[in-house]
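Let me begin by presenting the structure, written as structure tokens, before commenting on it.
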Amino acid sequence: MAPATTASRPAREHWKIEELPWHLLDPSKVDVDVLKVAKAASMVEYNAEDYAAYLCSVFHDDPEFQETAHAWATEEVQHGKVLGLWCERVDPTFNHEKAFKVYRQKIVINTQAPRSIRGSRAGEMVARCMVETGTSSYYSALGDATEEPVLKEICAKIAADEFRHYKTFYDNLRHYLGKDKLNTWQRLKVALSRIAESEDDELAFAYYAANDGVGPYDRKLYNREYARRAYSYYQPKHIERGLAMVFKASGLKPHTPVFNMATKTAVWFISQRAKQKRAAA
């Protein structure tokens, strides 16, 4: 089942799946935990068309941004495709389309939303910046963690796309700040609330759909199973760069004493979360 399409448009892909060095694929270098989180990531990325439809509904009178949303979704779906294909080649028992059907049974996006769930369009752009911060940091960390050459190349390309997506949404944030007048505190509040949502059903159910999909779904269990793996891949450099992006989208200056303290706290927090998730497992 392919993701829902929002409009007829030409695809924009900055790289081609078939041009990746597939001949270098080496399953012997694939860590089983990396494979599991890659399967989960392929679910979330592949569902981007519904998010684009939601954004086009929120920005119904901004055709230029709607084109941006469509182009963004095309690239995100490509990420889901290439991750799914890599997982299938490493694990022939995995069926990306079948797992995605399970994922879509629970993760439903309101594609007809009359307004942003963040309270304003500028708030929506802050939230989108947080998503791109998370994904760019995640794929950078995953690429550094794996020794499998094809996945390393895939992660590098996806991370580069996500950094570019962040800039796109940040540019739109600056445009809408002039209309919505969000102050720094309001932007930070949206940013923190969106970061907190990383432990909601989206990633936990993605992990379930991609790695189980048959037994009963236990949100707490599958959130723990995903998080204890994903958190372990982050290095301080990934956290520092991600936090700088959070500060920028929130209207705060990075590379200040406050930022340095926040970075140390974030590195400690993620390390502790990884330990807690492993201990709970």
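These numbers were taken from a predicted model, which means no experiment stands behind them.
Ring planes of Tyr222 and Tyr207: tilted class, angle from 30 to 60°. Classified by interplanar angle (parallel below 30°, tilted 30° to 60°, perpendicular above 60°), the ring pair Tyr231/Tyr234 is tilted.
Between the side chain of Asp180 and the backbone N or O of Ala122, at least one donor-acceptor pair lies under 3.5 Å. Gln78 places a side-chain N or O within donor-acceptor distance of the main-chain N or O of Trp15, the cut-off being under 3.5 Å. A donor-acceptor contact shorter than 3.5 Å links the side chain of Ser57 to the backbone of Ala113. Formation of a donor-acceptor pair under 3.5 Å by the Glu148 side chain with backbone atoms of Pro27 is not found in this model.
Contact check on Glu197 versus Arg118 returns a salt bridge, with a Lys/Arg side-chain nitrogen under 4.0 Å from an Asp/Glu carboxylate oxygen.
The shortest heavy-atom contact between Gly251 and Arg187 is N-NH2, 3.3 Å. Between Thr135 and Glu45, the shortest heavy-atom distance links the atoms CG2-OE2, 4.3 Å. Contact detail for Phe259 and Glu240: the closest heavy-atom pair is CZ-O, 3.6 Å. Nearest heavy-atom pair across Phe59 and Glu124 is CE1-CG, 4.1 Å. In terms of heavy-atom proximity, Cys129 sits nearest to Ala249 at CB-CB, 3.9 Å.
Side-chain contact annotation: Glu49 with His70, donor-acceptor N/O pair under 3.5 Å absent. A donor atom on one side chain and an acceptor atom on the other are not found under 3.5 Å apart for His238 and Gln235. Remark: the Trp72 side chain and the Glu67 side chain contain no N/O donor-acceptor pair separated by less than 3.5 Å.
Leu203 and Phe100 end up in the same hydrophobic cluster when Ile, Leu, Val, Met, Phe, Trp and Tyr side chains are linked at under 4.5 Å. Grouping the Ile, Leu, Val, Met, Phe, Trp and Tyr side chains by contacts below 4.5 angstrom, directly or via other members, places Tyr166 with Met125.
Under the side-chain hydrogen bond (donor to acceptor under 3.5 Å, both in side chains) rule, Asp171 has a single partner from His175, Arg174, Lys167, which is Lys167.
Taking the six-membered ring for Trp and the full ring otherwise, His96 and Tyr46 have centroids separated by under 6.0 Å.
Applying the ring pair (Phe, Tyr, Trp, His ring centres under 6.0 Å) test to every pair with at least one member in residues 137-164, sequence neighbours left out, gives no pairs at all.
Remark: Arg128 qualifies as a cation-pi partner of Tyr51 under the 6.0 Å distance and 45° angle criteria applied to the six-membered ring.
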